[in-house]
Amino acid sequence: MTGNPLPLAVLAASFAAGILLTHLTAAPTTIYLVTVAVCSMFAVVGLALGKHGIATLVLVVAFGGTGASLAVFERQDVAADRVRRFYDDEVVASGEPVELTGVVERAPEVAPDGFYVVLRVERWRSRGVERA
C-alpha cells in the first residue's frame with residue numbers, strides 16, 4: 001500500500017497549522033495568498049509531470065497557506081464597533097455583565113438551554129461607561 005491512508009487528516013492538520021501560524025507571526029495576507037497560488041501551480045505542474053510526491057507536498061503547504069489566509073481574513077472582518085471585537089480586545093471580560101440596548105431583528109429561536117435572539121445593538125454599557 002502506498003500513500004497516506006488518511007489524506008484528509010493531513011490536509012486538516014496543515015490547515016490548522018496555517019491558522020496557528022497567524023497567531024505566532026504577523027505576516028501580511030499577501031504572503032499567504034502568494035504562497036497558496038505558487039504552491040497550487042507547482043501541484044498542478046507536478047501532477048502533469050507525474051511527480052506525485054512533490055505535488056502532494058506543495059498541496060499540503062498550500063492548505064497551510066489557505067488556513068493562514070482565512071484566519072487573517074476572519075480577524076480583519078470584524079468591525080471596530082462589534083460586540084465580538086470588545087471581547088477579543090478584552091475591553092469586556094468574559095462573564096462580565098454588559099447592558100445592551102437595541103432592536104430585536106427577528107423572532108427568538110428556541111434552543112435546548114433557552115433561546116437565541118438576534119439583536120441589532122445600538123448602545124452598550126459596561127463598568128458605568130456607555131458606548132455606541
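Values reported hereafter were calculated over all heavy atoms of this structure, with side chains retained and with hydrogens, waters and symmetry mates removed. In what follows, residues are counted from 1 in the order of the sequence shown.
The nearest pair of heavy atoms linking E122 to V103 is OE2-CG2, 3.3 Å. Counting all heavy atoms, side chain and backbone alike, C39 lies closest to V61 at SG-CG1, 3.6 Å. What you find for S40 and A62 is that their closest heavy atoms are OG-CB, 4.2 Å. Across all their heavy atoms, V36 and G65 have their closest contact at CG2-C, 3.3 Å.
Between H52 and L47 there is a side-chain heavy-atom pair separated by less than 4.5 Å. Side-chain contact between L57 and F42 is absent, with no heavy-atom pair separated by less than 4.5 Å. Contact annotation: the side chain of V60 approaches that of L11 to within less than 4.5 Å [non-hydrogen atoms, C-beta and beyond]. Residues V10 and F63 are not in side-chain contact: their nearest non-hydrogen atoms beyond the backbone lie 4.5 Å or more apart.
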Donor-acceptor pairs are to be reported for all side-chain atoms of residues 16-28 against protein atoms at under 3.5 Å, with residues two or more places apart or in another chain.
residue: T22; atom: OG1; partner: I19; partner atom: O; Å: 2.6
residue: T22; atom: OG1; partner: R75; partner atom: NH2; Å: 3.0
residue: T25; atom: OG1; partner: L21; partner atom: O; Å: 2.9
residue: T25; atom: OG1; partner: Y32; partner atom: OH; Å: 3.3

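By the criterion of side-chain heavy atoms lying less than 4.5 angstrom apart, applied directly or through intervening Ile, Leu, Val, Met, Phe, Trp or Tyr residues, V58 is grouped together with V34 in one hydrophobic cluster. Hydrophobic clustering places V104 together with L100 (ILVMFWY residues linked when any side-chain heavy atoms are closer than 4.5 Å, directly or through intermediates).
With hydrogens and angles disregarded, no donor-acceptor distance shorter than 3.5 Å links the side chain of T29 to the backbone of S69.
T30 is linked by a side chain to side chain donor-acceptor pair (under 3.5 Å) to nothing, counting only residues two or more places apart in sequence or in another chain.
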